[in-house]
Student: 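This is the structure, below, for whatever I ask next.
The residues of the chain are indexed from 1 along the displayed sequence. The figures here come from the full heavy-atom set of this structure, side chains too, leaving out hydrogens, waters and symmetry mates. Read the numbers this way: they start at 1 and go in the same order the structure lists the ligands and their atoms.
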Amino acid sequence: MGSVIDACGVRHEYPDGTTAIKNIDVTIKQQEQIAVIGANGSGKSTLQLVLGGLVEPTVGSITFFEKTTDAETVRERLGVLLQNPDDYLFNTTVREDIEYGPAQLGYNRTTAERRVESLADTLGLIDLLDRPPFRLSGGEKQRAAIASVLAFDPDVLLLDEPFGAVDATYREQILHLLSNHTGSMLIFTPSVDLVPKIANQVILIGQDGGIAARGSVREILTNRNLLSTHGLRPPQTVQMFETVLPDADIPLTVEAAREFLLKRES
Ligand SMILES: Nc1ncnc2c1ncn2[C@@H]1O[C@H](COP(=O)(O)OP(=O)(O)OP(=O)(O)O)[C@@H](O)[C@H]1O
Ligand SMILES: [Mg+2]
């Protein structure tokens with residue numbers, strides 16, 4: 001399978017001298033769905049900016065789609081959701097923000113409008129489309145920002161904490177939209193509980209800003225020692241079942257836990 005992003009020997013230092021990420025060698029392949037987890041301040045957002053081509057690494061290189069091209073020319077294939085939705089919403093109305101990507105890329109107007117309407121419907125934004133984005137609540141802004149990234153149907157999604165302020169109903173809707181995405185996806189989050197629902201691989205960023213581990217969701221999320229070394233805890237279902245079941249059988253989601261308990265009762 002071809003690679004979509006290759007990072008080689010990447011390190012990023014902010015102007016004040018803070019080294020946010022270092023020794024990053026990573027390849028993201030087509031169709032991989034990866035959760036990048038790590039404690040606050042470990043470097044997830046910095047890594048997202050660098051892998052998304054929005055920030056040049058201080059040291060090392062990033063290659064997109066196996067070619068030595070600059071990020072500008074591949075921008076339309078990367079959908080980057082920044083951690084703060086305010087960095088994303090800058091037009092006069094929510095509708096203009098969501099239509100911005102497809103319009104910039106010259107997409108067919110009717111197709112784009114249909115896609116915008118469909119996203120707005122799924123994400124509960126229909127009544128908010130004519131409002132200025134700064135007049136939205138936190139969760140509404142986050143939903144609008146997600147809609148504006150998905151609107152131009154990018155091949156590769158790099159989403160920084162897409163569920164932070166979103167309530168349970170819309171979390172389900174977003175999970176549903178993301179499960180229909182056929183390209184590669186990187187979700188950057190410090191919360192591990194939703195990871196088994198969105199990813200099949202995990203990259204753990206250590207507290208030193210390097211990659212501490214990469215593996216299957218089960219492998220990483222049942223490794224209590226590894227997670228706690230890097231300031232994280234296993235998902236709640238893992239904490240519940242870890243002394244009761246072997247790692248290979250521990251339910252990773254609430255749904256799997258419920259199924260396990262029902263089966264045991266019958
Ligand atoms: N603009 C900046 N200037 C200087 N240091 C920064 C800047 N932005 C982030 N940092 C520092 O870089 C490190 C990594 O920050 P980053 O935002 O990438 O972490 P994160 O893993 O995304 O954290 P969180 O879970 O809180 O979102 C931290 O030590 C942070 O204080
Ligand atoms: Mg962050």
Student: Would you please say whether a donor-acceptor pair under 3.5 Å links the side chains of Q239 and R233?
Tutor: no
Student: If we ignore angles and hydrogens, is there a donor and acceptor under 3.5 Å between the side chains of T18 and D16?
Tutor: yes
Student: Could you see which bit of E161 sits under 4.0 Å from ligand 1, with heavy atoms only: side chain, backbone, both or neither?
Tutor: neither
Student: So, Q83 and the Mg ion (ligand 2): N/O/S under 2.8 Å, yes or no?
Tutor: yes
Student: Within the 3.5 Å criterion, strictly below it, is a donor on Q201 or E32 matched to an acceptor on the partner's side chain?
Tutor: yes
Student: How about atom 30 (C) of ligand 1: does it have a protein heavy atom within less than 4.0 Å?
Tutor: no
Student: Side chains of D121 and S118 only: does a donor on one sit below 3.5 Å from an acceptor on the other?
Tutor: no
Student: Would you say A39 touches ligand 1, if touching means a heavy atom closer than 4.0 Å?
Tutor: yes
Student: Enumerate the atoms of ligand 1 whose separation from the nearest heavy atom of Q83 is less than 4.0 angstrom.
Tutor: 27 (O)
Student: Using distance alone, decide if ligand 1 has a nitrogen or oxygen within less than 3.5 Å of any nitrogen or oxygen in P190.
Tutor: no
Student: Kindly state if atom 23 (O) of ligand 1 has a protein heavy atom within a strict 4.0 Å cut-off, that is, under 4.0 Å?
Tutor: yes
Student: Which one holds for T46 and ligand 1: side chain close, backbone close, both close, or neither close, with close meaning a heavy atom under 4.0 Å?
Tutor: both
Student: Look at N40 and state whether any of its N, O or S atoms is less than 2.8 Å from the Mg ion (ligand 2).
Tutor: no
Student: Distance only, no hydrogens: is a donor on one side chain within 3.5 Å (strictly under) of an acceptor on the other, for S45 and Q83?
Tutor: yes
Student: I'd like to know if G38 contacts ligand 1, where contact means a heavy-atom distance under 4.0 Å to any ligand atom.
Tutor: no
Student: Given side chains that start at C-beta, do those of R131 and R95 come closer than 4.5 Å, heavy atoms only?
Tutor: no
